Amino acid sequence: GDRTDKIIIKSGVEQVSFTDAEQREISDYCAQASAIAFSSVKDQYFAESAVQQADRKVVAANVTTSLDPDFVMEHVLPSVVFQSNADELDYLLTNGERSQIPHEGQDLVNYISREIQSLRSENPPSYTRNMYVTIGRDGVVCSDTDGVYHVRLKDPTLQAIDAVVSKKLASTNGAGDAFFGKVAISEYRNSHQKHVTGIAMDATRNAVEHIGYMTPIPARSFEITKLN
């Protein structure tokens with residue numbers, strides 16, 4: 001793409017496959033874990049092993065384009081705390097075809113909000129736990145069973161972050177992973193005590209700290225809008 005700070009090296013192996021013994025070991029690990037978070041999983045067996053534990057523990061999934069869209073929609077989304085970016089969500093909802101989604105701003109926020117609301121209206125109430133869709137500088141659109149919300153840093157804070165990060169010549173590479181890691185840990189520790197927007201703020205702080213901005217960010221530096 002247009003990222004100058006990121007290099008992706010791709011193997012000629014398109015699909016990772018596990019032996020029967022490795023599959024049994026994966027199942028054992030998943031059964032013993034107190035919580036499971038999986039990111040960019042390319043093997044459906046591993047995803048299935050994790051999702052099977054979802055009724056007994058928090059399972060968080062950072063779902064990318066590595067898995068078949070139909071598999072994710074049928075087997076993953078109904079059971080897990082879900083996180084993706086806007087392009088990945090579009091990939092899932094269009095069954096891999098991809099549509100011309102807005103690139104940024106309020107149009108992108110509104111598009112994601114409509115798609116999340118559509119997902120929830122067309123499926124049982126239990127379909128998906130909390131959802132988090134990151135949209136770069138525009139923040140995150142998140143949802144629970146009560147609504148859809150847009151959480152973003154206010155412009156003065158964004159400008160302060162830009163100034164520090166540009167001075168350090170820092171890369172944004174890994175910020176999404178830092179966001180997801182905080183979501184997974186917060187959901188595991190939360191026990192429904194913190195609202196989805198609070199978790200989104202915590203995860204944003206973690207991502208920003210990852211790219212080099214170490215100044216504490218208070219709640220007043222965020223703008224939260226209920227979208228439905």
Side-chain angles (χ1 to χ4, degrees), residues 1-3 5-6 8 37-41 59-67 69 72 76-77 80-94 98-99 101-117 119-120 128-144 147-155 157-158 161-162 165 170-187 190 194-213 217 219 221-228:
D2 57 1
R3 289 281 296 276
D5 63 339
K6 185 172 186 177
I8 298 176
F38 62 89
S39 177
S40 303
V41 172
V59 177
N62 178 17
V63 178
T64 66
T65 57
S66 300
L67 289 174
V72 174
V76 178
L77 273 182
V80 307
V81 173
F82 170 82
Q83 191 227 315
S84 73
N85 63 33
D87 288 335
E88 292 157 354
L89 179 66
D90 182 59
Y91 170 83
L92 294 176
L93 297 178
T94 61
R98 298 183 185 276
S99 60
I101 65 172
H103 289 296
E104 59 184 10
Q106 194 60 45
D107 288 341
L108 177 58
V109 171
N110 291 339
Y111 166 81
I112 294 172
S113 175
R114 287 195 301 270
E115 294 300 334
I116 291 176
Q117 291 178 58
L119 269 178
R120 292 196 178 279
T128 72
R129 298 185 185 183
N130 293 347
M131 297 182 69
Y132 304 82
V133 181
T134 56
I135 46 178
R137 291 178 59 83
D138 289 316
V140 54
V141 177
C142 54
S143 76
D144 56 17
V148 182
Y149 310 87
H150 180 208
V151 178
R152 67 178 295 272
L153 288 166
K154 294 179 180 177
D155 289 341
T157 304
L158 281 174
I161 293 169
D162 287 342
V165 171
S171 167
T172 59
N173 198 20
D177 294 317
F179 184 98
F180 172 64
K182 189 64 175 180
V183 164
I185 291 171
S186 296
E187 288 280 358
N190 185 31
K194 178 171 284 190
H195 192 261
V196 64
T197 55
I199 293 176
M201 289 192 290
D202 288 344
T204 300
R205 293 183 182 103
N206 205 51
V208 167
E209 184 176 316
H210 173 79
I211 62 175
Y213 187 77
I217 302 176
S221 296
F222 288 88
E223 180 180 281
I224 300 174
T225 305
K226 194 170 190 297
L227 299 173
N228 68 330

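Please read these numbers as outputs of a predicted model, since none were measured by experiment.
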- Query: Where do V148 and Q117 land on the side-chain contact (heavy atoms from CB on, under 4.5 Å) test, with the steps shown first?
  - Reply: CA-CA 8 Å; V148 182; Q117 291 178 58; 3.8 Å; yes
Between [X] and [Y], what is the shortest heavy-atom contact and its length?
| X | Y | value |
| --- | --- | --- |
| F180 | A60 | CZ-O, 3.6 Å |
| I135 | V140 | CG1-N, 4.0 Å |
| I217 | L153 | CG2-CD2, 3.8 Å |
| K194 | D202 | NZ-OD2, 2.6 Å |
| S186 | I199 | CB-CG2, 3.8 Å |
| L108 | A86 | CD1-CB, 4.0 Å |

Going by heavy atoms in the side chains, are [X] and [Y] under 4.5 Å from each other?
| X | Y | value |
| --- | --- | --- |
| I224 | M201 | yes |
| V63 | L77 | no |
| V59 | F38 | yes |
| F222 | T197 | no |
| V109 | R152 | no |
| K154 | S221 | no |

Could you measure the distance from the [atom1] atom of [X] to the [atom2] atom of [Y]? Nearest 0.5 Å is fine.
| X | Y | atom1 | atom2 | answer |
| --- | --- | --- | --- | --- |
| H150 | I112 | NE2 | CD1 | 8.5 Å |
| E88 | L67 | CD | CG | 11.0 Å |
| S39 | Q83 | OG | CD | 8.0 Å |
| D138 | D107 | CG | CG | 10.5 Å |
| F179 | D177 | CZ | CG | 12.0 Å |
| L89 | E115 | CG | CD | 7.0 Å |

- By ring pair (Phe, Tyr, Trp, His ring centres under 6.0 Å), which residues pair with Y149, not counting sequence neighbours?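 Listed in chain order: H195.
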- Task: Indicate whether any N or O donor in one side chain lies under 3.5 Å from an N or O acceptor in the other, for Q106 and Y111.
- Result: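 No - no donor-acceptor pair under 3.5 Å links their side chains.
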Is a donor on one side and an acceptor on the other found under 3.5 Å between the side chain of [X] and the backbone of [Y]?
| X | Y | result |
| --- | --- | --- |
| T204 | A200 | yes |
| E209 | N206 | no |
| T94 | D90 | yes |
| N130 | V196 | no |

- Query: side-chain contact (heavy atoms from CB on, under 4.5 Å) between F82 and N62: does it pass, once the steps are laid out?
  - Reply: CA-CA 6 Å; F82 170 82; N62 178 17; over 6 Å; no
- Task: Going by the side-chain contact (heavy atoms from CB on, under 4.5 Å) test, name the single residue among V151, T134, I116 that passes it with C142.
- Result: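 Between C142 and the candidates, side-chain contact (heavy atoms from CB on, under 4.5 Å) is satisfied uniquely by V151.
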- SB check R120 D144 (cutoff 4.0 Å):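 A salt bridge is absent here (no side-chain N lies under 4.0 Å from a carboxylate O).
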